[in-house]
Protein chains: 2
Amino acid sequence: MSERRPRVRVTLREVAEQAGVSMMTVSNVMNGNRARVSPGTIEKVQRIADELGYVPSASARSLATKASRLVGLLVPAADEDSLMISPHTMAIVGLIERELRKYGYHLLLRGVAHPDEVAEALRSWSLDGAILLGFLDEEVGNLTKKTIGAVHVVAIDSYSANRLTTGTRSDDFAGARLAARHLLDLGHRRILFAGPAFSGVGVVHERFEGFGQAFADAGIPHPELVETVNTTYAEGHELGLVLRERHDLTAVFATADILAVGIVHGLTEAGVRVPQDVSVVGFDDLDLCNYVTPKLTTVAQDITRKASTAVSILLDSIEKGERPKRPVTIDVSLVERESTAPVRN
Amino acid sequence: MSERRPRVRVTLREVAEQAGVSMMTVSNVMNGNRARVSPGTIEKVQRIADELGYVPSASARSLATKASRLVGLLVPAADEDSLMISPHTMAIVGLIERELRKYGYHLLLRGVAHPDEVAEALRSWSLDGAILLGFLDEEVGNLTKKTIGAVHVVAIDSYSANRLTTGTRSDDFAGARLAARHLLDLGHRRILFAGPAFSGVGVVHERFEGFGQAFADAGIPHPELVETVNTTYAEGHELGLVLRERHDLTAVFATADILAVGIVHGLTEAGVRVPQDVSVVGFDDLDLCNYVTPKLTTVAQDITRKASTAVSILLDSIEKGERPKRPVTIDVSLVERESTAPVRN
DNA sequence: GTGAAAGCGCTAACAT
DNA sequence: ATGTTAGCGCTTTCAC
């Protein structure tokens, strides 16, 4: 008379029937509500569940509880490109996954081609929360209560004033200031700022301001040496090739290591020696810095910290409804390697 | 008398009520079952849904249909580490996400610390499918119908005979053979194979066999020059430092670019010139190869192809129940750069 | 072309 | 300590 149980999926009901208890009891056991069930029953239910290979259905649970233990990681992505163009972004993705897993959350990784997709991505899976990585401040700023609904959101590297997305970022201002001061201390005066186009708010803007601040600190007039380039090796390389023809300079601060490495190589190919003729400082402290020649002096971001802090802000927000009023700034430091040297007389 | 609708979530029912039609009609409209609904109704329902900001609940749908349009990407991860240690792995993750999104699937990224977690990870979210990336052949081989249930699985870079996980991999044998032949053609004879420990099956084993094959092809006795090192820059560097003391060799084939770069640097620091004294060939063709000095000669894997093929195998399996009997092998090619040169007399 | 009923697997809120 | 009753939001029959 024993019913042939379906091979498809073991349900709570089946476990309950086999164990001769109610579904609720099994549910309580599975969820560790050990206070509500007698030790004997716990053991029995546990055993039967294991035997049957019971795995709870996340969708059913999520439908019933309106929570999912799912966090979305949203990354901008042109439709054609793979997402995560930068090594820096890639590294953070991995760190976030680990951190979330530690707390029993799962990660939904999602490339977002059009800003409108954010709302859909956020709500369709009833995400408990989401982390925005690498979006423009403007895009982050445009997020409203309406679009994100009940989802808790944290933005990484955003300077948007949006209260809904308060998150973490490195101290970009201090980092650039450190870099420029280092160069200034070495006697450099004609220093180029190389980075992507920027507006009045955002990571690059901060770095630009910090860069200028170092000059002000030293009471030195700020040379208006700026080159706008995308953050890629290729564009850096191209720039490096013509840099000496275009400007009379002795040092370069690039807003990213990749860019800096490209510049160094361009310079080298053009017959300009680094650091003897021109010093170069990057930003990020990718592994890459140690692999190139000369090893790159750079501003180190503590991405492990940045990622784990972002996650803990998010989880506090989800679980306790608390969140910092202001974004959390992660300290940076200068790592001196071989691409900088005193200016030549 | 108009009911205040909850701010929490717009449901199908609400849209139906507002539109004065049944839930089913709305459902049909939302799912593009346009044949079953009159044009006028379609337009009306669509408009109201947009106004209300309706977003379907993925959990509810998934619960009802037993499908989720969710694919898991499983990557091994020691509990302490971030996952995705290698740049190669990181790049593939991004490519897979893009490919899945193109077909309307979502990606659940999951680090797996203990093999047992695979089953749980696979089934709890009623994943339609999963991609295994970077697991040992042994772990892949151990997967049974019981543990993976109804989930379609594809393994990348696996040489396991497991029919349940048939996937894609680069032609590791041919790649190593290409590398060795290149070195042989340059006149090298004492060539070291540097890579991680391996058993009788798997990526590294294939590369080792391909390496040996090139010697056989040329009718040259195979020198038993092997060093076992983990695939990291640090271990490569360490090895490079002592290589010349330990072996009388003129060339090295490393099973990964990262490793090769470390070796080159170790060699250089020890006063051995690359490629004048020793030639080095890597494997993967990471961007990194172009950033180091000398630029690294290597075997290029077509990871874009590897990723997109893996996805299309998976989706065919999910949607049509068809899958290749044998793993799909992706062609590789040799990229000659600056780290190899003719052997010196 | 459209609707009503039933149920996917689970849990919250009450019973007992 | 354990069971019962109602849904969560959607889709799948099967009617009309």
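In what follows, every heavy atom counts, from backbone to side chain, and hydrogens, waters and symmetry copies are set aside.
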Handout entry: Length of the CG-P vector between B:Asn33 and C:dG1, whole Å
Key = 13 Å
Exercise for the section: Give the nucleotide from the list C:dG3, D:dC10, C:dT11 with an atom nearest to the side chain of A:Ala64. Expected result: C:dT11
Problem - Side chain of B:Met24 (C-beta onward), nearest among C:dG9, C:dA4, C:dT11 - result: C:dA4
Problem - Out of D:dG9, D:dT12, C:dT11, whichever nucleotide has its closest atom nearest the side chain of B:Thr65 - result: D:dT12
Exercise for the section: Could you tell me whether the side chain of A:Arg69 and the main chain of A:Gly104 form a donor-acceptor pair under 3.5 Å? Expected result: yes
Exercise for the section: Keeping the roles fixed (side chain from A:Arg110, backbone from A:Ala121), state whether a donor-acceptor pair exists under 3.5 Å. Expected result: no
Exercise for the section: Ignoring backbone atoms, establish whether A:Thr25 has a side-chain N or O less than 4.0 Å from OP1 or OP2 of D:dG3. Expected result: yes
Completion exercise
To the nearest angstrom, the CZ-P distance between A:Arg36 and C:dA15 comes to 14 Å
Problem - Length of the line joining B:Tyr54:OH and D:dC10:C1', which is rounded to integer Å - result: 7 Å
Practice task
Check whether any side-chain nitrogen or oxygen of A:Ser62 sits under 4.0 Å from OP1 or OP2 of D:dC8, and answer yes or no.
Solution key: no
Exercise for the section: Round to the nearest Å and state the distance from B:Asn31 atom CG to D:dG9 atom P. Expected result: 17 Å
Handout entry: Any B:Ser22 side-chain nitrogen or oxygen under 4.0 Å from OP1 or OP2 of C:dG3
Key = yes
Handout entry: Phosphate OP1/OP2 of C:dT11: any A:Ser27 side-chain N/O under 4.0 Å
Key = yes
Exercise for the section: Supply the atom-to-atom distance B:Arg163 CZ to B:Arg326 CZ, rounded to the nearest 0.5 angstrom. Expected result: 10.0 Å
Exercise for the section: Describe the nucleic acid contact of A:Arg61 in one word from base, sugar-phosphate, nothing, applying a heavy-atom distance below 4.0 Å. Expected result: sugar-phosphate
Problem - Of A:Leu63 and B:Ser38, the one whose closest DNA chain C nucleotide lies more 5' - result: B:Ser38
Exercise for the section: On the 0 to 90° scale, with breaks at 30° and 60°, tag the A:His106-B:Trp125 ring pair as parallel, tilted or perpendicular. Expected result: tilted
Exercise for the section: Select base, sugar-phosphate, or nothing to describe what B:Ser59 touches, counting heavy atoms under 4.0 Å on all strands. Expected result: nothing
Fill in the blank from the handout: Taking C:dT11, C:dG9, C:dT2 as options, the one with an atom nearest any side-chain atom of A:Ala60 is C:dG9
Exercise for the section: Side chain of A:Met23 only, please: which of C:dT11, D:dA1, D:dG9 is the nearest? Expected result: C:dT11
Practice task
Please check if any side-chain donor atom of B:Ser59 sits under 3.5 Å from a side-chain acceptor atom of A:Ser126, or the reverse.
Solution key: yes
Practice task
Starting at atom CZ of B:Arg13, determine the distance to atom P of C:dA6, rounded to an integer number of angstrom.
Solution key: 15 Å
Problem - Distance, rounded to the nearest Å, where A:Glu43 contributes CD and D:dA1 contributes P - result: 17 Å
Practice task
Mark yes when over 12 heavy atoms from residues, nucleotides or ligands other than A:Arg47 sit less than 6.0 Å from its CZ; otherwise mark no.
Solution key: yes
Handout entry: Residue-phosphate contact under 4.0 Å: B:Thr41 side-chain N/O, C:dT2 OP1/OP2
Key = yes
Problem - Of the listed nucleotides D:dT12, C:dT2, D:dT2, the one nearest the side chain of A:Val37 - result: D:dT2
Problem - Minimum-distance nucleotide to B:Pro56 side chain [options: D:dC10, D:dT4, D:dT11] - result: D:dC10
Exercise for the section: Report yes if a side-chain nitrogen or oxygen of A:Asn28 is closer than 4.0 Å to either non-bridging phosphate oxygen (OP1 or OP2) of D:dT2; otherwise report no. Expected result: no
Exercise for the section: Please report, rounded to the nearest Å, how far the P atom of C:dC8 is from the CZ atom of B:Arg123. Expected result: 18 Å
Practice task
State whether A:Lys66 places a side-chain N or O below 4.0 Å from either non-bridging phosphate oxygen (OP1 or OP2) of D:dG9.
Solution key: yes
Problem - N/O (side chain, A:Ser57) to phosphate O (OP1/OP2, C:dG9) under 4.0 Å - result: no
